[in-house]
Amino acid sequence: MSWTILELLRSNPEALKDVVKKRFIDPAIVDEAYKLDLEWRKMLTYVNELRHKHNVISSEIPRLPPEERKKRIEEAKRLLKEIKLYETKLKEIERRREELLLSLPNIIHESVPIGPDETYNMPIRCWGKAKVYREHLQLFLGETKGKGLEMDYEVIDWRPIGHADMLEKALKLGDTQKAGEVAGSRFYYLFDDLVWLDFALLLYAIDFLTQRGYKLVLPPYMLRHKIISGVIDLETFKDAIYKIEGEDLYLIATAEHSLAALHAYEEIPEEELPLIYVGISPCFRKEAGAGNRDLKGIFRVHQFHKVEQFAFTLPEQSWDVFEMFIRHAEELFKGLGLPYRVVNVASGELGAPAAKKYDLEVWMPAQGRFREMVSCSNDLDWQSYRLRIRFIRRRGMKKGFVHTINSTAIASTRTITAILENFQTPDGVVEVPKILRRYLEIFPKAPKDYIYPNKKSVQKT
RNA sequence: GCCGGGGUCGCCUAGCCUGGUAGGGCGCCGGCCUGCUAAGCCGGUGGGGUGUACCCCCGCGCGGGUUCAAAUCCCGCCCCCGGCGCCA
């Protein structure tokens with residue numbers, strides 16, 4: 001059984017170093033991992049030899065006469081002391097080796113643009129007609145034409161209201177002030193039409209994906225440490241994950257985590273692969289590393305709903321599924337009518353688990369920027385190695401680690417911000433995307449064509 | 001939460017009381033046989049190291065302890081089943 005990264009570390013450490021350099025991480029960790037792995041193997045062999053000696057003596061003992069037996073037991077005891085000593089050393093080396101191996105990032109696909117930050121992201125395609133406020137025109141062209149992307153647009157002369165003000169001041173359908181008071185910043189109350197909109201978006205996504213053969217899953221919202229640390233890197237753990245006090249439980253930051261865990265420690269016959277799931281869950285994120293970014297509104301919050309695509313595949317299937325996932329996400333956003341571009345994320349911005357990542361970014365007319373709505377990653381065997389998720393090939397019963405791919409379908413609050421900015425009219429109402437109406441029309445109180453400002457005060461609703 | 005029963009190499013199961021290093025069945029893989037298939041027969045089927053047709057170590061839910069030796073005895077935890085309690 002071989003894990004891509006360990007295999008590369010042993011057979012070609014220089015190549016692994018290149019990967020690490022491309023991610024702008026200190027390549028010294030590769031040297032250290034290489035040395036420790038070697039040291040571990042040597043020590044393991046030595047300890048195994050000692051254990052063997054002890055096992056030989058042990059198995060002789062029951063057949064010996066009493067006096068002889070006493071002698072051999074003494075000998076075994078002496079040997080045991082020595083074994084304990086070297087086992088302690090081995091354990092320490094093993095612990096450090098494991099820690100280092102698990103801190104190694106995934107390999108990088110050859111098509112990933114090399115660069116330290118998002119300015120190196122490579123736009124690969126776009127869709128829709130962006131509404132560009134006159135003063136944002138240069139920004140828009142810099143992010144499209146300037147990067148070789150030909151995107152349709154119309155210049156507008158009125159300045160759209162930002163999603164945060166739209167929510168709170170124009171529509172009066174959200175209250176982050178009160179939420180901040182009772183829960184903290186980055187929490188929110190949403191009311192009426194925006195709640196309907198949240199649920200309609202989720203229904204739209206699961207309806208779309210289940211029709212394409214995905215298996216629908218409502219997963220656990222909390223996981224044990226062992227599981228969640230198998231799915232994410234240390235950075236994410238520190239910055240995103242909430243812990244339940246006094247228990248070995250952590251709130252998921254996305255359904256990806258519980259979906260990856262769905263087949264933990266299993267062997268999957270090759271004919272069952274690929275397994276393709278759509279999960280729906282709330283997501284809980286600390287946003288510890290975010291500082292003051294997007295502090296207003298509901299773009300970056302501690303809690304939201306998300307529909308997630310997730311797949312387990314054979315190694316040779318993963319790139320096709322990866323492309324399928326981003327295409328399906330695109331179709332969802334086309335359906336909503338939100339203009340977007342897809343970017344190939346630069347090496348320095350890839351998380352440790354991903355070998356390649358696409359972001360789908362919607363044009364936000366009030367902010368004058370493209371903002372991330374969807375993130376689609378191929379993690380190869382980075383997650384499955386940690387969770388020991390394997391496939392078996394019929395031919396020769398060969399085993400290997402499956403590949404895992406994950407992608408957002410729709411994240412509720414973020415998509416709502418995109419709708420608030422893109423579908424507002426100069427007179428301050430918001431048009432409901434037509435494709436969502438079928439999920440709203442069965443509810444008498446849900447909005448149908450437009451979302452209008454709340455006439456009453458928020459408190460009295 | 002309490003009481004009782006249980007967790008064994010993909011699945012089912014023996015072994016546990018009485019400690020001596022995991023046996024059987026199914027499935028699957030490889031081979032033999034065969035006009036083909038089936039049946040039958042032989043071997044393989046947890047993880048790791050290595051000198052890679054060989055040898056060795058570790059492994060019986062997880063983690064400790066006792067012992068020369070633990071699936072087996074002791075302690076803690078997790079999960080499953082049944083009963084009681086509680087509950088949306």
Side-chain angles (χ1 to χ4, degrees), chain A residues 1-11 33-102 218-230 243-250 258 261-273 275 282 312 314 381 384-402:
Chain A
M1 185 98 43
S2 55
W3 179 38
T4 313
I5 295 166
L6 183 57
E7 205 169 78
L8 196 61
L9 176 71
R10 286 179 178 177
S11 67
Y34 184 80
K35 269 202 313 225
L36 265 172
D37 182 51
L38 217 65
E39 198 182 332
W40 172 76
R41 284 146 82 186
K42 263 166 69 187
M43 186 59 87
L44 182 63
T45 304
Y46 183 63
V47 168
N48 279 347
E49 278 165 11
L50 291 178
R51 282 167 172 166
H52 176 59
K53 274 195 213 167
H54 180 258
N55 283 347
V56 169
I57 295 173
S58 248
S59 62
E60 280 171 11
I61 285 171
R63 289 174 313 212
L64 295 173
E67 315 86 62
E68 194 73 19
R69 187 180 283 203
K70 228 172 206 171
K71 254 203 245 161
R72 293 301 261 173
I73 287 177
E74 284 311 310
E75 198 180 328
K77 276 183 177 172
R78 267 201 308 279
L79 197 51
L80 213 56
K81 260 187 200 159
E82 203 184 344
I83 292 173
K84 282 258 160 65
L85 178 73
Y86 284 104
E87 272 180 343
T88 310
K89 287 185 185 177
L90 178 67
K91 246 186 193 164
E92 174 58 19
I93 295 169
E94 199 162 47
R95 193 190 57 76
R96 287 193 294 151
R97 171 185 178 265
E98 193 73 358
E99 199 181 282
L100 260 176
L101 284 185
L102 292 182
L218 195 145
Y221 300 162
M222 301 174 210
L223 297 169
R224 293 188 206 291
H225 179 269
K226 189 179 164 192
I227 299 294
I228 209 157
S229 62
K243 186 184 191 321
I244 303 296
E245 181 71 33
E247 307 204 35
D248 179 27
L249 282 176
Y250 297 80
S258 340
L262 179 57
H263 294 292
Y265 315 110
E266 290 179 13
E267 290 175 358
I268 306 169
E270 64 177 330
E271 65 270 18
E272 284 176 28
L273 295 168
L275 286 165
F312 302 87
L314 292 168
D381 57 358
S384 60
Y385 168 73
R386 286 145 198 260
L387 293 179
R388 292 219 106 67
I389 308 167
R390 296 168 302 170
F391 61 84
I392 304 187
R393 290 198 199 275
R394 283 277 163 250
R395 198 131 194 81
M397 293 288 280
K398 292 267 186 291
K399 288 176 188 171
F401 293 107
V402 302

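Keep in mind that the numbers below use all heavy atoms, side chains included, and drop hydrogens, waters and symmetry copies. Reminder, nothing fancy here: chain letters follow the sequence lines and each chain counts from 1.
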Between B:rG48 and B:rC12 - C1' atom distance, rounded Å: 28 Å
Tell me, with the steps shown, if A:Arg95 and A:Glu92 meet salt bridge (Lys or Arg N to Asp or Glu O under 4.0 Å). CA-CA 5 Å; A:Arg95 193 190 57 76; A:Glu92 174 58 19; 3.1 Å; yes
Quickly work out the A:Ile61 CD1 to B:rU67 C1' distance and round it to whole Å. 10 Å
Roughly how many Å is it from CD1 in A:Ile93 to C1' in B:rG49, rounded to a whole number? 14 Å
Is there a residue in residues 74-84 of chain A whose heavy atoms reach under 4.0 Å of RNA chain B, and which residues are they? A:Ala76, A:Lys77, A:Leu80
Separation of the C1' atoms in B:rG85 and B:rG10, to the nearest angstrom: 39 Å
Distance check needed: B:rC58 P versus A:Tyr86 OH, whole Å only. 18 Å
Taking for each residue the nucleotide of RNA chain B bearing the nearest heavy atom, is the 5' side occupied by A:His54 or by A:Ser59? A:Ser59
Going by the rule side chain to side chain contact (heavy atoms under 4.5 Å, CB included), which residues pair with A:Leu102 if we only count those two or more places apart in sequence or in a different chain? A:Glu98, A:Tyr385, A:Arg386
Distance (rounded to the nearest 0.5 Å) between A:Asp381 CG and A:Phe391 CZ: 9.0 Å
Listing time: all N or O pairs from protein to nucleotides 78-81 of chain B that are below 3.5 Å?
{"unit_1": "B:rC78", "atom_1": "O3'", "unit_2": "A:Arg224", "atom_2": "NH2", "d": "3.3"}
{"unit_1": "B:rC78", "atom_1": "O2'", "unit_2": "A:Arg224", "atom_2": "NH2", "d": "3.2"}

Pair assignment for RNA chain B - dot-bracket with | for other-strand partners, Watson-Crick or G-U under 3.5 Å: ((((((((.[[[[.)....(..]]]]((((((.......))))))((((.....))))..[[[[[..)....]]]]])))))))....
Close side-chain approach of A:Leu275 to A:Val402, heavy-atom, < 4.5 Å: no
Sugar-phosphate only, base, or nothing, as touched by A:Arg69 at under 4.0 Å among non-hydrogen atoms: nothing
Could you tell me whether the side chain of A:Tyr265 reaches within less than 4.5 Å of the side chain of A:Ile227, counting heavy atoms only? yes
Are the side chain of A:Ser384 and the backbone N or O of A:Phe401 linked by a donor-acceptor pair below 3.5 Å? no
Heavy-atom distance under 4.5 Å between the side chains of A:Arg224 and A:Tyr250, does that happen here? no
Which pairs pass side chain to side chain donor-acceptor pair (under 3.5 Å) with one or both residues in residues 77-87 of chain A, sequence neighbours excluded? A:Arg51-A:Glu87
A:Arg388 side chain, from C-beta outward: closest of B:rG46, B:rG48, B:rG20: B:rG48
Could you measure between the two C1' atoms, the one in B:rC42 and the one in B:rC33, and give it in whole Å? 11 Å
Are side-chain heavy atoms of A:Leu44 and A:Leu90 found at a separation under 4.5 Å? yes
Rounded interatomic separation in angstrom, taking CZ from A:Arg393 and C1' from B:rC29: 15 Å
Measure the shortest side-chain to side-chain distance between A:Tyr221 and A:Pro282 over non-hydrogen atoms and say whether it is less than 4.5 angstrom. yes
Can you tell me the distance, in whole Å, between the CZ atom of A:Arg97 and the P atom of B:rG49? 7 Å
Would you measure the distance from the C1' atom in B:rA69 across to the matching atom in B:rC55 and give it in whole Å? 23 Å
Could you give the distance separating B:rG63 and B:rC41 at their C1' atoms, to the nearest angstrom? 45 Å
Calculate the interatomic distance between A:Arg390 atom CZ and B:rG46 atom C1'; express it in whole Å. 8 Å
Step by step, would you call A:Leu314 with A:Arg393 a side-chain contact (heavy atoms from CB on, under 4.5 Å)? CA-CA 10 Å; A:Leu314 292 168; A:Arg393 290 198 199 275; 4.0 Å; yes
If I take atom CD from residue A:Glu266 and atom CD1 from residue A:Ile392, how far apart are they, to the nearest 0.5 angstrom? 11.5 Å
Tell me, with the steps shown, if A:Lys53 and A:Val56 meet side-chain contact (heavy atoms from CB on, under 4.5 Å). CA-CA 5 Å; A:Lys53 274 195 213 167; A:Val56 169; 5.8 Å; no
Could you check how far CD1 of A:Ile57 sits from P of B:rA69, rounded to whole Å? 11 Å
Working to the nearest 0.5 Å, report the span between CG of A:Asp248 and CG of A:Leu223. 10.0 Å
C1' atom, B:rA71 versus B:rG6: distance in rounded Å? 14 Å
Nearest-Å distance once atom P is located in both B:rG49 and B:rG40: 38 Å
Nearest heavy atoms of A:Ala76 and A:Ile57, plus distance in Å: CB-CG2, 4.0 Å
Tell me which of A:Pro62 and A:Glu267 sits closer to the 5' end of RNA chain B, going by the nucleotide each one is nearest to. A:Glu267
For B:rG44 versus B:rA22, give the span between their P atoms, rounded off to a whole number of Å. 15 Å
Just the rounded figure in Å: distance from C1' of B:rU67 to CZ of A:Arg72. 18 Å
Dump every N/O contact between nucleotides 50-56 of chain B and the protein below 3.5 Å, one line per pair.
{"unit_1": "B:rU50", "atom_1": "OP1", "unit_2": "A:Arg41", "atom_2": "NE", "d": "2.7"}
{"unit_1": "B:rU50", "atom_1": "OP1", "unit_2": "A:Arg41", "atom_2": "NH2", "d": "3.1"}
{"unit_1": "B:rC56", "atom_1": "O3'", "unit_2": "A:His52", "atom_2": "ND1", "d": "2.8"}

